[in-house]
Protein chains: 2
Amino acid sequence: MARRATAQDVADLAGVSRSAVSLVLNGRGAGNISEEKQKAVRAAAAQLDYTPNAVALSLRSRRTRTLGVLTWPGVVGFSQTMLHRALRKAGEHSYLLLVMDTDDDAEVERRQLDTLRDRQVDGFLVVSPALAHYRPPEVLHSTPTVLLNCLDPDGAVSSVTPDEVQAGQRAAEVLLRHGHRRIGLLVGDPGSLQSRLRVAGVQQAATAAGVEPPQPVVAGRNIDDGARAARAVLSGPEPPTALVCTHERLAVGAALVAAELGLRVPQDLSLVSLEDGERLTSRLDPPMTTVHRPDGAMAEQAVGLLLERLGGASPEIRRMVFSCPLRERASVGCPGRAPGVLPRPR
Amino acid sequence: MARRATAQDVADLAGVSRSAVSLVLNGRGAGNISEEKQKAVRAAAAQLDYTPNAVALSLRSRRTRTLGVLTWPGVVGFSQTMLHRALRKAGEHSYLLLVMDTDDDAEVERRQLDTLRDRQVDGFLVVSPALAHYRPPEVLHSTPTVLLNCLDPDGAVSSVTPDEVQAGQRAAEVLLRHGHRRIGLLVGDPGSLQSRLRVAGVQQAATAAGVEPPQPVVAGRNIDDGARAARAVLSGPEPPTALVCTHERLAVGAALVAAELGLRVPQDLSLVSLEDGERLTSRLDPPMTTVHRPDGAMAEQAVGLLLERLGGASPEIRRMVFSCPLRERASVGCPGRAPGVLPRPR
DNA sequence: CTGAAAGCGCTTACAG
DNA sequence: CTGAAAGCGCTTACAG
């Protein structure tokens, strides 16, 4: 990189002192520096294409305007939307993001946290691909931190999370409303907090409607997992008239099997996905009815919270829970609408 | 963040000067500092949990050990794998990544480049989600820069890219080898360099084999686009016995339509995808034969190149092109293998 | 109204 | 063998 102009260069060119340059360029010239010299400073700065060295600024102010982002991508990776919107929100306030990924290894995470601390990040954003509990290590307690899509079980650190129980309820409700009584439930990652909450939501809604709560069928997280599970469920006795899938790729698998079995969606089978973040389900034919996790809004809120804290807001702990709206598309119909139509034999 | 110990604190505790602390901790103690004092310094550093302030280090050394990453996610986002592996490779050399995304807006990009420059990043990595031409603005010419998955048309900046023509050839060849003569070609983004090269590869392979080169059918980039195009192509007169899709989601759409039309893969229809980065096609049933773009290796190479430059290697321009291996799975068969089997009527 | 000094936290010549 | 000084590039009191 070609040597860049410093405040001293500008001062020399304008014939003033370094302090004058600083004052003028930071808008504190009026009343301190003569009009004439102010002009000279501005002209010199423009001519030399001068902008202050952020590293020097950071050393002096002891703030780097940098946020450390800790994530552990897992199979599908952490939401593109979250990263995108976090980046944007931070950028609007002249903050930058230093991204790390922990490989889901505690030892790696510890090292990375140390690195980020050495780099003097002003705050931390911990983002999980799937809703989970996360117990923040010591350093995160003494530095402004917000958890995105994860929760501190001790409630000592702020978090922004989706209401996964409600998501499950909404998926079940749209089906119930259409008259479905035999609902299949395909889940991935059954041990995860995310899946447990989603399942609970589905079951609560069913119970509330006086319908036998669907038992989760453990599938997996991928298309083929979903296909396998859907095939099993749909070819059993008394097959369900509708399927709820906790993961987007599971839902794609289910759609594939429906096509393969000659089941028309939604006439012969209704489908709902509890995810649409990868824009897979919304682009199926017919486009699938989904419950949407507002990744963008959540990320913006999380960064916003962090920025408020950094701006001097009271350090009170917030736990913000976001609603997940139902996005009705075209994959839900009424069961038995076309009683004469039988599934085509395979 | 609690006030952290500085070299001065360590010096005070150990009863030596600040310089002694620096010398000892940077391994230049031997021959300069007495054994005894070295021990005292190390003990004090450990006791205070001292690590140097990276910002101060950066100011002094005029290197931040930070790489600026410029990307423009687009619809599908830039490869998770690329980010992951770039992060890892950089981390191994104590470099961190400052990620920005340009929203595909030249004005935004200019501003972000300025920001990154002010932050004194040591080098730039420009990463494109799809192979494209990228004309680096001035500042990237005067700072170590590597283009990942994009190419400087003027050849003035180093780049790491996949061989997309070869990718197209390999997809066509596996089909040709199995005896296919009527091959359909579904493309997304027909104007993009990526698609043009992929199409050229497919056509070259066909021509070389004495087969009429397939004409690209413009579909789009999503599942429903692929479904629509596949449906049209497959229900025309003399439908192809195999389909090549330039984009992964197109391939998913094609698989969906195959299921819907009762076409068995690979007995009735063979399918090849020119992408498998989202782990969609590889998880279909049957798993699809694909051409694999080595995102991880490319990202590692790109960061490696940048690091070498930063380490003082000669500033020669490198244009590294990566081979894209064929991953044979189960979606390619021989045409007419089961002549008695006719597609089921819709 | 303006310039010289101090200091953020480091490391590296340079005296002693 | 060790400490005092200079300097990376900035801004903010502080003298004049």
Side-chain angles (χ1 to χ4, degrees), chain A residues 1-42 44-45 48-66 94 117-122, chain B residues 1-42 44-45 48-66 94 117-122:
Chain A
M1 178 130 50
R3 184 180 169 285
R4 296 188 49 206
T6 69
Q8 185 62 251
D9 297 328
V10 177
D12 291 347
L13 183 60
V16 300
S17 75
R18 225 152 86 240
S19 359
V21 172
S22 173
L23 253 17
V24 173
L25 265 22
N26 288 308
R28 311 197 329 165
N32 282 321
I33 314 282
S34 70
E35 268 306 330
E36 201 178 348
K37 295 211 168 182
Q38 290 197 44
K39 250 194 201 143
V41 167
R42 272 186 250 280
L48 297 176
D49 188 24
Y50 170 76
T51 47
N53 179 325
V55 172
L57 233 47
S58 293
L59 183 59
R60 165 141 243 283
S61 66
R62 288 142 124 202
R63 307 180 95 233
T64 53
R65 295 191 93 79
T66 303
S94 307
R117 203 187 50 150
D118 291 345
R119 296 285 188 133
Q120 313 292 123
V121 298
D122 296 333
Chain B
M1 179 133 49
R3 184 181 168 287
R4 296 188 49 206
T6 69
Q8 185 63 69
D9 298 327
V10 177
D12 291 347
L13 183 60
V16 300
S17 75
R18 223 151 89 243
S19 0
V21 171
S22 174
L23 252 18
V24 172
L25 264 23
N26 288 307
R28 311 197 331 164
N32 283 321
I33 314 283
S34 70
E35 268 308 327
E36 202 178 347
K37 295 210 170 182
Q38 290 197 44
K39 249 193 202 146
V41 167
R42 272 187 250 280
L48 297 176
D49 190 24
Y50 169 77
T51 47
N53 178 325
V55 172
L57 232 46
S58 293
L59 183 60
R60 165 139 244 284
S61 66
R62 291 144 122 203
R63 307 181 97 235
T64 53
R65 295 193 90 82
T66 303
S94 308
R117 204 189 47 151
D118 291 346
R119 296 286 188 131
Q120 313 291 122
V121 297
D122 296 333

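Just so it is clear: chains get the letters A, B, ... in the order the sequence lines come, proteins before strands, and each one is counted from 1.
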Thinking salt bridges, do B:Arg4 and B:Asp49 make one under a 4.0 Å N-O criterion?
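No salt bridge links B:Arg4 with B:Asp49.
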
By nearest atom, which of the nucleotides C:dC8, C:dT11, D:dC10 is closest to the A:Arg62 side chain?
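Looking only at side-chain atoms, A:Arg62 lies closest to C:dC8.
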
For DNA chain D, whose closest nucleotide is more 5', that of B:Ser61 or that of B:Asn32?
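Its nearest nucleotide lies further toward 5', so the answer is B:Asn32.
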
From [X] [atom1] over to [Y] [atom2], what is the distance, rounded to the nearest 0.5 angstrom?
| X | Y | atom1 | atom2 | result |
| --- | --- | --- | --- | --- |
| A:Ser58 | A:Arg119 | OG | CZ | 11.5 Å |
| A:Leu57 | A:Thr64 | CG | OG1 | 11.0 Å |
| A:Ser19 | A:Ile33 | OG | CD1 | 7.5 Å |
| B:Leu59 | A:Arg60 | CG | CZ | 12.5 Å |
| B:Asn32 | B:Leu23 | CG | CG | 5.0 Å |
| B:Thr6 | B:Asp9 | OG1 | CG | 3.5 Å |

Please report the distance, rounded to the nearest Å, between [atom1] in [X] and [atom2] in [N].
| X | N | atom1 | atom2 | result |
| --- | --- | --- | --- | --- |
| A:Arg119 | C:dG9 | CZ | P | 18 Å |
| A:Gln120 | D:dC10 | CD | P | 19 Å |
| A:Leu57 | D:dT11 | CG | P | 5 Å |
| B:Asp12 | C:dG9 | CG | C1' | 14 Å |
| B:Glu36 | D:dT2 | CD | C1' | 14 Å |
| B:Arg63 | C:dG9 | CZ | P | 24 Å |
| A:Gln8 | C:dA5 | CD | P | 13 Å |

Looking at A:Ser34, does any N or O in its side chain come under 4.0 Å of the phosphate oxygens OP1/OP2 on C:dT2?
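For C:dT2, OP1 or OP2 has a side-chain N or O of A:Ser34 closer than 4.0 Å.
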
Any donor and acceptor pair, going by atom type alone, linking the side chain of B:Arg65 with main-chain N or O of B:Ala54 inside 3.5 Å?
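Such a contact is absent between B:Arg65 side chain and B:Ala54 backbone.
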
Output yes when a side-chain donor or acceptor of B:Asn26 lies under 3.5 Å from a complementary backbone atom of B:Arg28, and no otherwise.
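Judged by distance alone, no pair lies under 3.5 Å.
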
NA contact type, [X], heavy-atom cut-off 4.0 Å: base, sugar-phosphate, or nothing?
| X | result |
| --- | --- |
| A:Asn53 | sugar-phosphate |
| B:Ser17 | base |
| A:Leu59 | base |

Got a list of protein N/O to nucleotides 12-16 of chain C N/O distances below 3.5 Å?
{"from": "C:dT12", "atom 1": "O4'", "to": "B:Arg60", "atom 2": "NH1", "distance (Å)": "3.4"}

Rounding to an integer number of angstrom, what distance separates D:dG7 and C:dA4 when you compare their P atoms?
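Here D:dG7 and C:dA4 have their P atoms 16 Å from each other.
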
Can you give me the dot-bracket string for DNA chain D, 5' to 3', counting Watson-Crick and G-U wobble pairs with both distances under 3.5 Å, using [ ] for crossing pairs and | for partners on another strand?
|||.||||||||.|||

